[in-house]
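This is a predicted model, so every value here is computed, not measured. Computation of the quantities below employed the complete heavy-atom set of this structure, encompassing side-chain atoms and omitting hydrogens, waters and symmetry-equivalent molecules. FYI, the numbering just counts along the sequence from 1.
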Amino acid sequence: MMKNCCLIVFIFCTIDVSNGGILSGICLASNGTCGKKGVACNETFGSEWTYNGKCCNGKPCCKLLKAPCVPETCPRGFILLENQTNSADCYFYDGRSELWEKAKLICASTPGAYLWRPNTIQEANDVRDQIFGKNDVWTGANDRDKDGNYIFDIENSPFSKTSLPFGLGNFNNAADAVYVDIYFNNLRGRWLWRNRNSDYFKLYLCEYQRRVCP
């Protein structure tokens, strides 16, 4: 009569506590990641990683400092362009005509929003086709200080009448012509920039630069 024998094998796992094993748990608890032994965290994972203790066997515990990117939605009433490769910003348009100063205040009532800054002809064409048609609208460009230097409102980036991002300029030298509008001229088939004084009522467009994740 045969007897069956069972062989039970016990495998014991050890943790090298003396060489940093206990800190492995701390590394995991802080959302850290074990790097390569003898190599700095930023060399292994990139410039935004930093040393945060150590893992088992003397490896560095690395942690990402940069907060995760959270994409933003548009503020209420603002819309996105259908083709976001030309601009991922949000736009607000209500079809009303206002003085430049009043339009500026309306846009600024939404934190982070400002009068439109047309950056490229691709963006301008998409905005024209999708939002306001072929009417002339205020931009944020102005020389309210009357020092001869135009800037875009809020962001304070320069606007040069002699080096336009696209289109043509039709500017006059009147001392009070300090606000810039833009419109698409059908006859000439191109965009035209002009400076106006404070008495002009124009359509306006508000722009909001939202946070976009890679």
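Remark: the Arg76 side chain and the Thr110 side chain contain no N/O donor-acceptor pair separated by less than 3.5 Å. For the residue pair Gln130/Tyr91, the side-chain donor-acceptor check at 3.5 Å is not satisfied.
For the pair Lys36 and Glu43, the salt-bridge criterion is not met [side-chain N within less than 4.0 Å of a carboxylate O].
Here Tyr183 contributes atom OH and Lys202 contributes atom NZ; the two are 9.0 Å apart, rounded to the nearest 0.5 Å. Note: Asp126 CG to Thr85 OG1 = 7.5 Å, rounded to the nearest 0.5 Å. Here the CG atom belonging to Asp129 is positioned 10.0 Å from the CD1 atom belonging to Ile131, to the nearest 0.5 angstrom. For the atom pair Asn170 CG and Asn195 CG, the distance stands at 8.0 Å (nearest 0.5 Å). Interatomic distance, CG of Leu65 versus CG of Asn52, reported as 8.5 Å (0.5 Å rounding).
Tyr150 and Phe171 have tilted rings, their planes meeting at an angle from 30° to 60° on a 0 to 90° scale.
Here the two rings, on Tyr204 and Trp138, have centers that are 6.0 Å apart or farther.
Of the residues listed (Cys56, Cys62, Cys55, Cys61), the one engaging Cys34 in a disulfide bond (SG atoms under 2.5 Å apart) is Cys55, and it is the only one.
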Subject >> Derivation and outcome, side-chain hydrogen bond (donor to acceptor under 3.5 Å, both in side chains), residues Trp100 and Asp181 >> reply: CA-CA 9 Å; Trp100 190 93; Asp181 73 345; over 6 Å; no
Original post:
Can Asp136 and Arg194 be said to form a salt bridge (charged side-chain N to carboxylate O under 4.0 Å, His left out), step by step?
Top reply: CA-CA 10 Å; Asp136 48 339; Arg194 305 176 298 188; 2.8 Å; yes
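With sequence neighbours left out, the ring pair (Phe, Tyr, Trp, His ring centres under 6.0 Å) criterion links Trp193 to Phe159, Phe166.
Looking at every heavy atom in both residues, Glu123 comes nearest to Glu207 through OE2-OE2, 3.6 Å. Minimum interatomic distance between Leu192 and Asn185 (heavy atoms only, all atoms of both residues): CD1-ND2, 3.6 Å.
Gln209 CD: 12 or fewer foreign heavy atoms inside a 6.0 Å radius.
Tyr179 does not carry Arg196 over the face of its six-membered ring by the limits of under 6.0 Å from the centre and within 45° of the normal.
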